[in-house]
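Okay, structure first, notes after.
In what follows, chains are A, B, ... by sequence order, proteins preceding strands, each numbered from 1.
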2 protein chains.
Amino acid sequence: MSVGHTAVTTEPVVSCGGEEEDCGIREVLDRIGDKWSVLVVVELAQGVRRFRRLQRAIPGISQRMLTLTVRRLERDGLVRRTVYPTVPPQVEYELTAMGHSLTHLVRALADWSADHRSAIADSRHRWDAANPGSDIR
Amino acid sequence: MSVGHTAVTTEPVVSCGGEEEDCGIREVLDRIGDKWSVLVVVELAQGVRRFRRLQRAIPGISQRMLTLTVRRLERDGLVRRTVYPTVPPQVEYELTAMGHSLTHLVRALADWSADHRSAIADSRHRWDAANPGSDIR
DNA sequence: CAGGATCCGATCCGATACTG
DNA sequence: CAGTATCGGATCGGATCCTG
């Protein structure tokens, strides 16, 4: 076994149970693996948000993409959208119970990211130095 | 802490520590959030694989995308690529220690996916029924 | 076997303009 | 305020052909 790693943990092995290939990971990744979904979930994990505030909280997202993103999250049952028929219109977004359960995963993702971000950056620099002129990003 | 939610979950709160927006999640998602990376990691979690076998294990992946995917994973330090100068050439791929640590995350992803896949499908059907003729996928 | 090179359609996404 | 509609550039990714 490979070793030397700090606390050997419990030997992961993702396998999915044998001959299967996909599990169902692609299904989740197709929803939260896009450019903005996770950031929206992170912001909504903080509490109820209206459209504008959500947009301001996520620098760089266009109004079009915010609309598409929350609409898809709503469709998947991760976000609840509430419209108050006032003038001007007021729409609130919040996570559903399922949406909240997703935040655990996002947290794990953020933690892993923080732990390995510098190692990844280093590896990348070394690779780029060793492979001059490669268009792999 | 703001609790008082419907009770179902344990109120995670991802926050990242206050005013920040991104954490570093995007950085990870940009690497494993693409169409094939996770599936490659899942397969390599099972053990060392050669190029062809890897491709056969992941139905639908083109040779070009497999090449690009493993190259990027190698660049990020998640996969180690070993070339044996034989004829015909033989190249082996395996996860690094950092790559293995990622499998924990993937496992969590798979678990969450399995747990909610039907709920998501249901929600989607209901939404589609309630919103006829919407191009949100 | 393992991949590099090219072509090209599909999709994503930002910018912009308009609406109730 | 909270969207919808449309356009166009950028990127993604599949198919195909070629090589050591």
Task: Residue whose closest nucleotide on DNA chain C lies nearer the 5' end, B/Arg53 versus A/Arg72 - done: B/Arg53
TODO: Let me know, please, whether A/Lys35 or A/Pro89 comes out on the 5' side of the other along DNA chain C by nearest nucleotide.
DONE: A/Lys35
TODO: Could you check B/Gly60 against A/Glu92 and say which one's nearest nucleotide on DNA chain D is further toward the 5' end?
DONE: A/Glu92
TODO: For B/Leu68 and for A/Arg50, find the nucleotide of DNA chain D with the closest heavy atom, then tell me which residue's nucleotide is more 5'.
DONE: A/Arg50
Check whether any side-chain heavy atom of [X] lies under 4.5 Å from a side-chain heavy atom of [Y], and answer yes or no.
{"X": "A/Arg26", "Y": "A/Leu29", "answer": "yes"}
{"X": "B/Arg49", "Y": "B/Glu94", "answer": "no"}
{"X": "B/Leu95", "Y": "B/Leu78", "answer": "no"}
{"X": "B/Glu92", "Y": "B/Arg81", "answer": "no"}

Open item on the list: Quick check on the hydrophobic clustering: are B/Ile136 and A/Leu73 connected, directly or via other members, by side-chain heavy-atom contacts under 4.5 Å?
Closed with: yes
- [ ] Verify, without hydrogens or angle tests, whether B/Ser113 (side chain) and A/Val28 (backbone) share a donor-acceptor contact under 3.5 angstrom.
- [x] no
Open item on the list: Could you check whether any side-chain N or O of B/Ser37 sits under 3.5 Å from a backbone N or O of B/Ile32, counting only pairs where one atom can act as donor and the other as acceptor?
Closed with: no
- [ ] Please list all pairs passing the ring-ring contact (aromatic ring centres under 6.0 Å, His included) test where one or both residues lie in residues 112-135 of chain B, with sequence neighbours left out.
- [x] B/Trp112-B/His116
- [ ] Go through the structure and list residues passing salt bridge (Lys or Arg N to Asp or Glu O under 4.0 Å) with A/Arg56, not counting sequence neighbours.
- [x] none
- [ ] Name all residues meeting the salt bridge (Lys or Arg N to Asp or Glu O under 4.0 Å) criterion together with A/Arg72; count only those two or more places apart in sequence or in a different chain, and write none if there are none.
- [x] none
Open item on the list: If the helix axis at each end comes from five base pairs, how far does the helix from C/dC1-D/dG20 to C/dG20-D/dC1 deviate from straight, to 10°?
Closed with: 40°
Open item on the list: Using a heavy-atom cut-off of 4.0 Å across all strands, would you classify A/Tyr93 as base, sugar-phosphate, or nothing?
Closed with: sugar-phosphate
TODO: Using a 4.0 Å heavy-atom cut-off across all strands, classify A/Arg64 as base, sugar-phosphate, or nothing.
DONE: base
Open item on the list: If the threshold is 4.0 Å, N to carboxylate O, is there a salt bridge linking B/Arg124 and B/Asp128?
Closed with: no
Task: Nucleotide range of DNA chain D lying under 4.0 Å from chain A heavy atoms - done: D/dC1 to D/dC12
Task: Contact boundaries on DNA chain C for chain A, cut-off under 4.0 Å to non-hydrogen atoms - done: C/dC13 to C/dG20
